[in-house]
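Both counts, for ligands and for their atoms, begin at 1 and track the order of listing. Each residue takes its place number in the sequence, starting with 1. We use all heavy atoms of the structure for the numbers below, so side chains are in, but hydrogens, waters and symmetry mates are not.
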Amino acid sequence: MKFSSVLSTVALLFISKSLAITWEEADAKAREWCADLTNEEKISIITGRENMTGVCVGSIDPIERKGFKGLCLQDGPAGVRFGKGTATSWQASINSAATFDRTLLRKVGEAQGNEFYQRGINFALAPSVGIQRAPASGRIWESYGEDPFYVGECGTEVVKGIQSQGVIATSKHFVGNDQENNRGASTSNIPEQALWEVYLAPFYRLVNDAETNAIMSSYNAVNGTYTSENKRLLTDILKDKMGFQGMVMSDWWGLYRIDSFGAGLDMNMPGGKYWGPDYVGDSFWGEHIQEYIDQGIFTQERLDDAALRVIRALFKAGQMENFPEVNLYVDTLTEENIALNRKVGADSNVLLKNDESVLPIKGVKKIAVIGKDSMPANFCEDMRCADGTLALGWGSGTTDFKYVIDPLSAITERAKKDNIEVVSSGEDNSEAGAEVAKDADLAIVFVQADSGEEYITVEGNAGDRLNLDLWHGGNELIDAVASVNKNTIVVIHAPGPVNVPFLDKVKGVVFAGMPGQESGHAIADVLFGDVNPSGHLPYTWAPREDYPTDVKYEPEYPDGGEKMTVYDYNEGLFVGYRWFDKQGIEPTFAFGYGLSYTTFEYSNLEAVMEEDGLHVTLTVTNTGDVAGAAVPMIFLSFPDIVKDYPSRLFKGFDKVMLEAGESKQVNIIVDNHDLSYYDVDAEKFVKPEEGEYTVFAGSNARDLPLKTTVLANGECNSDEEVSGNVENDEDSVDEVDAETENAEDSADEVDSEVDAENAEDSVDETALKKRAYKLY
Ligand code: NOJ
């Protein structure tokens, strides 16, 4: 580890430790601090005032008498928004998810948190933990995919990372904003069990495991009542049942009536009734809260509680003692942040196809790089254009880029090292593309599709994508190139699945997602084999009509009104891979799919039920010629007494770096909460005590070669069945012992600092998984 890294690690530890106060301690401090507040001051703490006229996207006024400096709230999930190029433009969250690497996710949270901290931003408006239930949904790149367990795991790491820096993470959007069309005039009608197990599930983890200090309500209604005024969701479920001690703010202009205050919303953002400076000071809340208290409609306790929750969250974060002044343009574009963005970008590349090991690039003299997506990007405000390489989608989840490394420059630079000539056609022009491709040894076609937030329409797409096709004639461009060059590789920049009619015509496909500012370097790292790809899809990839659900394109209705677009979540628990399993539909690429330049084998699956959950062990072996990282995945079938349930649920994973030929044992604990289902009649989570769980292990939702069973009551199962190659399993036991030593010896050799830390941290992570759980 470099000396500077040691110092920063020590500094981080110091910060995390100094902030580690409990909610009880924060509560006591907050009560004392709030004791002499007037109602006017309490109302000012909970009602945004500038209505987006200042440098922060949301602000709370200071109270000079109390030495309270006011609050600054700023987007977002890809780092600090509106930083005019001073902050890192990180990869999209869906790319972080594709790494399946908790250590990296934590590091991203820490690094982002630090950038917010240095600017005096009290609340980072991130992470987003929505569920990808429809592939065309505009903001899927801002969250972590389709699986509630996995989205919760990613969000937990990011929240812990952000909050370790003294910045409050605002987990959003609570809940059911899983599509953009009419988000402010729509109802997500979610059946009760799915509400708990799919859509509330990530928030449960963020509240209980990550102690997120803040949550943002969503624009939409759930089952007919807008979430910002939904007492059941905000008060009965989030605060009472889940025990959330922090504060809930509205999404921007996402509260439509004063009733929201009575329902349990604690902060009105940005404060004005509608968009625009005309509404500064003109709020549904503000002085109207006092009027309603005077009329006996709201209680004084509700106001006391809302103000207390805000101040308690600030004490919990350590912000009441000491916090930097707001300065949005501090330069935080450090070498470390740039390197981490590049690392996550590279590790999030998902190798979808690699026939005849066409990648990594080797033994070639001339490469053709084709497509506008390989070229420098034009930075339009909030990324409202798709012009040049696509590094992030559009809307509040994007950032002001200082630069994007375009793929053509990065490939050209890297190719020089190997004396490879690079020719290019930087347009989406089939004839020109075919012309440069025809004499090259290898042709790489860069293509894209984009999506974003509803308030911006790009090329006819009002947030949600109109279709899953590549933009700008991408399919035609690929066809033209593939017809003249038998070694064609496609690189896709997109928020999620796209139609791939070209799949059989090309040798290689890399899905690069939205990698942020270091985009070109990240893809060159993988194309040239400097980094062995280890990204996996955090969602199922299939033709649009195969998914259980879709977005809608209804005409616009007024936000917060009675006329709503109805999104029926009829698929219930069967979101993503669970639906494909149930219907027996073969996806194009399964949840968890992702190739490597090496191969892995899984063996020795064992599972034991213990008091704190299910302890699973298995062995993963690198059976190829080069070092690489495997992501062993655990899926569970629940005991038969749990009816109408998905046949398999994703419940555990790890990321393991392995030298060629090396084996390692992986330990995964599925905690008791994850062994439970929501019993709608009993209105609580129940862990089955009868029957057996079946444990599946392998590399993705459709490649699970190992299987064993374990009795729910923890007794030994006499009929234990192990599929997979039993002989092979036995043979490899000795090898595992030998190779484990080997692994320790070679830890120093791992070239990247992050990989080395990764190996160390995964031990900690296992300990972390032994967490407390509540079955409420
Ligand atoms: C609306 C978005 O939905 C939310 O995610 C964001 O934080 C706010 N705007 C503020 O920009």
Side-chain angles (χ1 to χ4, degrees), residues 48-60 71-83 87 90 92-94 112 116 121-131 137-144 155 158-159 162 167-186 188 202-203 206 212-221 226-228 247-256 265 267-272 274-276 279 328 381-384 392-400 451-456 462-464 495 559-560:
R49 284 304 163 120
E50 290 179 353
N51 207 32
M52 278 187 83
T53 52
V55 291
C56 307
V57 78
S59 329
I60 292 290
L71 299 174
C72 169
L73 297 81
Q74 192 70 296
D75 289 302
V80 177
R81 187 182 177 199
F82 294 140
W90 294 94
S93 301
I94 198 71
Q112 290 183 343
F116 284 99
I121 297 168
N122 304 81
F123 291 72
L125 304 178
S128 187
V129 290
I131 298 291
S137 175
R139 296 178 79 184
I140 53 176
W141 52 277
E142 289 189 51
S143 183
Y144 304 99
V158 170
V159 167
I162 292 174
V167 168
I168 293 177
T170 310
S171 304
K172 62 190 189 182
H173 308 86
F174 188 81
V175 60
N177 183 182
D178 303 306
Q179 47 277 313
E180 287 300 278
N181 175 253
N182 270 336
R183 60 185 182 174
S186 63
S188 298
F203 289 98
L206 299 189
T212 186
N213 286 10
I215 286 180
M216 185 190 293
S217 63
S218 54
Y219 283 116
N220 54 287
Y226 285 101
T227 62
S228 57
M247 52 79 74
V248 191
M249 68 179 75
S250 67
D251 199 341
W252 269 232
W253 308 282
L255 69 81
Y256 313 109
L265 196 70
M267 188 185 274
N268 175 337
M269 272 295 142
Y274 306 104
W275 181 87
Y279 293 95
L328 204 55
E381 190 197 345
D382 279 345
M383 296 296 277
R384 59 184 69 216
L392 277 178
W394 71 79
S396 66
T398 200
T399 54
D400 290 350
S451 76
E453 199 172 337
E454 186 208 41
Y455 71 94
I456 296 171
D464 299 326
D559 284 357

Check: Is Arg183 paired with Asp464 through a side-chain N to carboxylate O contact shorter than 4.0 Å?
Finding: no
Which of the atoms of ligand 1 are close to [X], meaning less than 4.0 Å from one of its heavy atoms?
X      : value
Arg81  : 11 (O)
Lys172 : 4 (C), 5 (O), 6 (C), 7 (O)
Ser396 : 2 (C), 4 (C), 5 (O), 6 (C), 11 (O)
Arg183 : 3 (O)
Glu453 : 1 (C), 2 (C), 3 (O)
His173 : 3 (O), 4 (C), 5 (O)
Leu125 : 7 (O)
Val57  : 11 (O)

Within the 4.0 Å heavy-atom cut-off, what Gln74 brings close to ligand 1 is neither
The answer for which part of Arg139 has a heavy atom under 4.0 Å from ligand 1 is side chain
Residues passing the ring pair (Phe, Tyr, Trp, His ring centres under 6.0 Å) test with Phe203, sequence neighbours excluded, are Phe174
So, does [X] sit close enough to ligand 1 that a heavy atom of it is under 4.0 Å from the ligand?
X      : answer
Glu142 : no
Tyr455 : no
Met269 : no

Output for pair (Met383 CE, Leu392 CG), nearest 0.5 Å, gives 6.0 Å
Between the NZ atom in Lys172 and the CD1 atom in Ile215, the distance rounded to the nearest 0.5 Å is 13.0 Å
shortest atom 8 (C) of ligand 1-to-protein heavy-atom contact is with Asp251 OD1, 3.4 Å
the protein heavy atom lying closest to atom 11 (O) of ligand 1 turns out to be Asp75 OD2, 2.5 Å
Side chains of Ser228 and Ser250 only: does a donor on one sit below 3.5 Å from an acceptor on the other? no
inquiry  = Under 3.5 Å, is there a donor on one side chain and an acceptor on the other for Tyr219 and Asp251?
reply    = yes
Which of Asp178, Asn177, Thr227 passes side chain to side chain donor-acceptor pair (under 3.5 Å) with Ser218? Answer is Thr227
Given Asp559 and Tyr256, is the side chain to side chain contact (heavy atoms under 4.5 Å, CB included) satisfied, shown in steps? CA-CA 8 Å; Asp559 284 357; Tyr256 313 109; 3.8 Å; yes
When every non-hydrogen atom of Val55 is compared with those of Leu328, the smallest separation belongs to O-CD2, 3.3 Å
- Return yes or no for this condition: an N or O of Trp252 is under 3.5 Å from an N or O of ligand 1. no
Exercise. Report yes if some heavy atom in the side chain of Val129 is under 4.5 Å from a heavy atom in the side chain of Leu206; otherwise report no.
Key: yes
